[in-house]
Amino acid sequence: MRTTTMTRPTWAAAAVVGAMLVAGCGGGSAVRPGAAMPAAPSAPTPAPTAFDKEAARADLAAATAAAGLPGETTPLSPTPPTSPGPADPPATDRERARDAVVARMAACGVGWSSPKDPGSAQDRAEARKRFHAALAGLVERGWKESRPVEEVPVGKGTMVMAQYKKQEWSLHARHVESGLLDMATMTATEDACANRFTDAELDLLED
């Protein structure tokens with residue numbers, strides 16, 4: 001059976017005819033000429049666009065670029081682990097298991113990292129300023145702070161850490177200054193994907 005979609009004028013006309021049929025059968029009064037017509041049903045509200053891996057990557061790229069923070073985002077597709085060379089020792093079972101977990105975890109999200117060039121003290125101060133500007137840019141794009149920004153000592157330097165949430169995604173950001181190391185990273189991970197890992201698998205990532 002073919003289904004015909006009514007336009008708004010067609011629906012209004014059908015409503016008048018229906019009312020007249022009811023009146024003719026003793027079910028009510030006929031519609032008077034010029035009487036107000038029933039309002040047409042409003043169109044359904046479109047569903048919100050799902051926040052996905054591409055959207056998370058776009059947020060990272062936009063926030064860091066707007067802050068003038070140099071760096072690059074990771075590819076959307078995880079890079080397969082490289083095969084050992086002829087001179088390399090054979091991988092152990094634990095190393096192979098870790099590589100498999102790393103590849104699966106990479107599929108759960110995207111990341112961004114800055115260059116590792118330490119630069120001068122002035123460069124470092126500017127990099128930190130831009131890192132905080134990038135965090136503010138993430139907030140402007142709908143990421144909500146889930147843990148206050150904090151600074152903790154690391155070796156002879158410090159590390160700034162921040163955590164954010166957006167829909168079903170979590171974002172971890174950090175900026176490390178210690179000795180010759182000066183690096184910033186941001187990682188956005190889909191919660192449902194990350195929750196599929198066991199504690200034993202997560203322990204492998206800490207090796």
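Heavy-atom basis, side chains included; hydrogens, waters and symmetry copies ignored. All figures in this text were calculated on a predicted structure; none of them were measured in a lab.
Atoms CG and OG, from Leu171 and Ser146 in turn, are 8.5 Å apart once rounded to the nearest 0.5 Å. Note that NE2 of His175 and OG of Ser114 are 6.0 Å apart. Values are rounded to the nearest 0.5 Å. Atom NE2 in His172 sits 10.5 Å away from atom OG1 in Thr185 (nearest 0.5 Å). Going from atom CZ of Arg174 over to atom CE of Met159 covers 6.0 Å, rounded to the nearest 0.5 Å. Note: Thr74 OG1 to Leu60 CG = 8.0 Å, rounded to the nearest 0.5 Å. Rounded to the nearest 0.5 angstrom, Thr189 OG1 and Asn195 CG are separated by 10.5 Å.
When every heavy atom of Ala67 is checked against every heavy atom of Ala134, the shortest pair comes out as CB-N, 3.5 Å. Considering every non-hydrogen atom in both Phe131 and Met186, the closest pair reads CE1-CE, 3.9 Å.
Panel note: side chain Ser178, backbone Leu181; no donor-acceptor pair is recorded below 3.5 Å. With Glu126 contributing its side chain and Asp123 its backbone, the two residues share no donor-acceptor pair below 3.5 Å. Using a distance-only test at 3.5 Å, with no hydrogens or angles considered, a donor-acceptor pair links the side chain of Arg130 to the main chain of Gly68. Listed for the Arg147 side chain is no donor-acceptor partner under 3.5 Å among the backbone atoms of Ala162.
Here Arg104 pairs with Glu201 in a salt bridge; the nearest charged N to carboxylate O distance falls below 4.0 Å. Contact check on Lys165 versus Glu168 returns no salt bridge, with no Lys/Arg side-chain nitrogen under 4.0 Å from an Asp/Glu carboxylate oxygen. The pair Arg96-Asp93 meets the salt-bridge criterion, since a charged nitrogen lies less than 4.0 angstrom from a carboxylate oxygen.
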Show the atom names and distances, to 0.1 Å, of all donor-acceptor pairs under 3.5 Å that link a side chain in residues 135-144 to residues at least two apart or in another chain.
{"from": "Arg141", "atom 1": "NH1", "to": "Gly137", "atom 2": "O", "distance (Å)": "3.0"}
{"from": "Trp143", "atom 1": "NE1", "to": "Asp59", "atom 2": "OD2", "distance (Å)": "3.0"}

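With contacts defined as side-chain heavy-atom distances shorter than 4.5 Å, the pair Leu204/Arg94 qualifies. Taking the side chain as every heavy atom from C-beta outward, Gln163 and Val149 never approach each other to under 4.5 Å.
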Going through the distances and angles, do Val110 and Glu54 end up as a side-chain contact (heavy atoms from CB on, under 4.5 Å)? CA-CA 9 Å; Val110 293; Glu54 174 60 47; over 6 Å; no
How far apart are the C-alpha atoms of Thr187 and Trp112, what are their side-chain angles, what is the distance that settles it, and do they pass the side-chain contact (heavy atoms from CB on, under 4.5 Å) test? CA-CA 6 Å; Thr187 305; Trp112 171 94; over 6 Å; no
Working note: Phe197 + Cys108, criterion side-chain contact (heavy atoms from CB on, under 4.5 Å); need CA distance, chi angles, decisive distance, verdict. CA-CA 11 Å; Phe197 289 84; Cys108 289; 3.7 Å; yes
Does the pair Thr92 and Glu95 meet the rule for a side-chain contact (heavy atoms from CB on, under 4.5 Å), with working shown? CA-CA 5 Å; Thr92 64; Glu95 288 171 339; 3.2 Å; yes
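Aromatic ring orientation, Trp169 versus Phe51: perpendicular (interplanar angle above 60°, classes split at 30° and 60°).
A side-chain donor from one of Arg128 and Thr158 sits under 3.5 Å from a side-chain acceptor of the other.
Counting non-hydrogen atoms of other residues, nucleotides and ligands closer than 6.0 Å to CD of Glu72 gives a total of 12 or fewer.
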